[in-house]
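To start, the structure under review is shown below, and the notes come after it.
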2 protein chains.
Amino acid sequence: MAGLKGQATYAVDAKGRAAIPAKMRATLAPEDNNTFTVTRGFETCIFAYPLNTWRQMEREIGALSGYDREARTFTRLFMMWAEEVSLDGQGRIVLPKQLVSYAGIKDRVLILGAYDHIEIWAPESFSEYLAAQESDYETLAARVMGGQ
Amino acid sequence: MAGLKGQATYAVDAKGRAAIPAKMRATLAPEDNNTFTVTRGFETCIFAYPLNTWRQMEREIGALSGYDREARTFTRLFMMWAEEVSLDGQGRIVLPKQLVSYAGIKDRVLILGAYDHIEIWAPESFSEYLAAQESDYETLAARVMGGQ
DNA sequence: GTATTTGTGGGGAAATGTGGGGAATATTCC
DNA sequence: GGAATATTCCCCACATTTCCCCACAAATAC
């Protein structure tokens, strides 16, 4: 699968639905079956994994020991927020209420591609998140990618 | 089997019944025969294992040495609380009284999927459990999954 | 300028969660 | 032992939520 990329903001309607950008939909493999698993993301957003990617995540979770206290806690938190959602005929998903509330989403969402998953943010939360970063883009790149 | 996931709170009626979320029921294999084995869980909740998974747990218990004192104690505690329960026509199970009392359940339960089993909590107990965690979600993930 | 794709809204059918009745089974008490 | 009582199980009924489809507006492509 080609990496998920791009960004767009969309309306959330009265039924809690939001469109997934057509460009991102085009990136999905047929085996993904127009299905995502959404779960609690890191840093106040919703993560949406295409089906194939989610299967890989589950394998990693399944490899953890049920007798280790921290592993148990993480398994609970990761899985309890997870929910499988499929695109409707118009390319939308229903955002689970609990995740909407966790992410602070009201009537609009910012959807962005992040290589192997999609992220769904309340636009205001994303602005705050950006503002809170201490390193600028260039510095961050150097640190993460090993510029020096 | 796809991992059990999701969360929902349900009423416990006067007969001690609680619904199992339809999404979780859909995850069960036909061989699970709509049957769970419930037992005392780790951290003040009830664990409910689908039949197949329970068989696996039993094999692990069976592999323990009966001549080891601690193994003997763990076997007793693990097995003495276990009880097999089946879904009724409406997708509910009857929660065994002793486990209800152990988990501090009153009139509502929080049910969550935890990959290979379901957990049944008193909502208040789960809140306390969450509040008692010293690491936040992101930190926990990095520690358990090896972010760094 | 027209045709096609993309995004938004809403209505009706089906599934889900909850309560309760009554028969069958078990338990208690005399 | 037998009657009274309690418990368990299986069924039906209803309210609510969710799902799936149709319709239209806006944007993009040609």
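As the structure is a computational prediction, the values presented were derived from the model and not from experiment.
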Please test Arg25(A) against Leu87(A) for side chain to side chain contact (heavy atoms under 4.5 Å, CB included), starting from the C-alpha separation and ending with a verdict. CA-CA 9 Å; Arg25(A) 278 185 268 141; Leu87(A) 297 173; 3.7 Å; yes
Identify whether NZ of Lys or CZ of Arg in Arg143(B) sits under 6.0 Å from the centre of the six-membered ring of Phe74(A) and within 45° of that ring's axis.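 Geometry flag: not set, cation outside 6.0 Å or 45°.
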Cationic tip of Arg40(B) above Phe78(B) ring, under 6.0 Å, 45° of axis: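 The answer is no; the distance or angle limit is not met.
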For the side chain of Arg92(B), counting heavy atoms from C-beta on, which of dG19(C), dG17(C), dG10(C) is nearest?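 Among the listed nucleotides, the one closest to the side chain of Arg92(B) is dG19(C).
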Among dT6(C), dT8(C), dG22(C), which nucleotide sits nearest the side chain of Ala19(A)?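 Nearest to the side-chain atoms of Ala19(A), counting from C-beta on, is dT8(C).
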Is the closest side-chain donor-acceptor distance between Ser125(B) and Thr44(B) under 3.5 Å?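 Thr44(B) and Ser125(B) do not have a side-chain donor-acceptor pair below 3.5 Å.
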Bend angle of the helix from dG1(C)-dC30(D) to dC30(C)-dG1(D), end axes from five pairs each (to 10°):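 Overall, the helix from dG1(C)-dC30(D) to dC30(C)-dG1(D) bends by 30° from one end axis to the other.
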Atom-to-atom span, [atom1] of [X] to [atom2] of [N] - whole angstrom:
X         : N       : atom1 : atom2 : result
Asp13(A)  : dG11(C) : CG    : C1'   : 14 Å
Asp107(A) : dG7(C)  : CG    : P     : 18 Å
Ile111(A) : dT8(C)  : CD1   : C1'   : 14 Å
Ile20(A)  : dT8(C)  : CD1   : P     : 11 Å
Lys97(B)  : dT27(C) : NZ    : C1'   : 13 Å
Met24(B)  : dT16(C) : CE    : C1'   : 14 Å
Leu95(A)  : dT18(D) : CG    : P     : 13 Å

Gln98(B) atom CD, neighbour heavy-atom count above 12 within 6.0 Å: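 Not buried by this count: 12 neighbours or fewer within 6.0 Å.
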Pairs of donor and acceptor atoms involving the side chains of residues 3-15 of chain A, under 3.5 Å and at least two apart or interchain, shall be tabulated with distances.
from	atom 1	to	atom 2	distance (Å)
Thr9(A)	OG1	Arg108(A)	NH1	3.2
Asp13(A)	OD1	Lys15(A)	N	2.8
Asp13(A)	OD1	Gly16(A)	N	3.1
Asp13(A)	OD1	Arg17(A)	N	3.0
Asp13(A)	OD2	Arg17(A)	NE	2.8
Asp13(A)	OD2	Arg17(A)	NH2	3.0

dC20(D) base to Gln90(A) side chain: any donor-acceptor pair below 3.5 Å?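 It does not, because no donor-acceptor pair links the side chain of Gln90(A) to the base of dC20(D) below 3.5 Å.
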On DNA chain D, does the nearest nucleotide to Arg17(B) precede the nearest nucleotide to Lys23(B) from the 5' side, or the other way round? Give the residue.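 Residue closer to the 5' terminus by nearest nucleotide: Arg17(B).
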With a non-hydrogen cut-off below 4.0 angstrom, is Asp88(B) in contact with a base, only sugar-phosphate, or nothing?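 Nothing, no nucleic acid heavy atom in range.
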Need to verify one output field. Residue with the more 5' nearest nucleotide on DNA chain C, Tyr10(B) or Lys15(B)?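 Taking each residue's closest nucleotide, the earlier one in sequence belongs to Tyr10(B).
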Checking the side chain of Asp32(B) only, and the main-chain atoms of Pro50(B) only, is there a donor and an acceptor separated by less than 3.5 Å?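 No, because the side chain of Asp32(B) does not come within donor-acceptor range (under 3.5 Å) of the backbone of Pro50(B).
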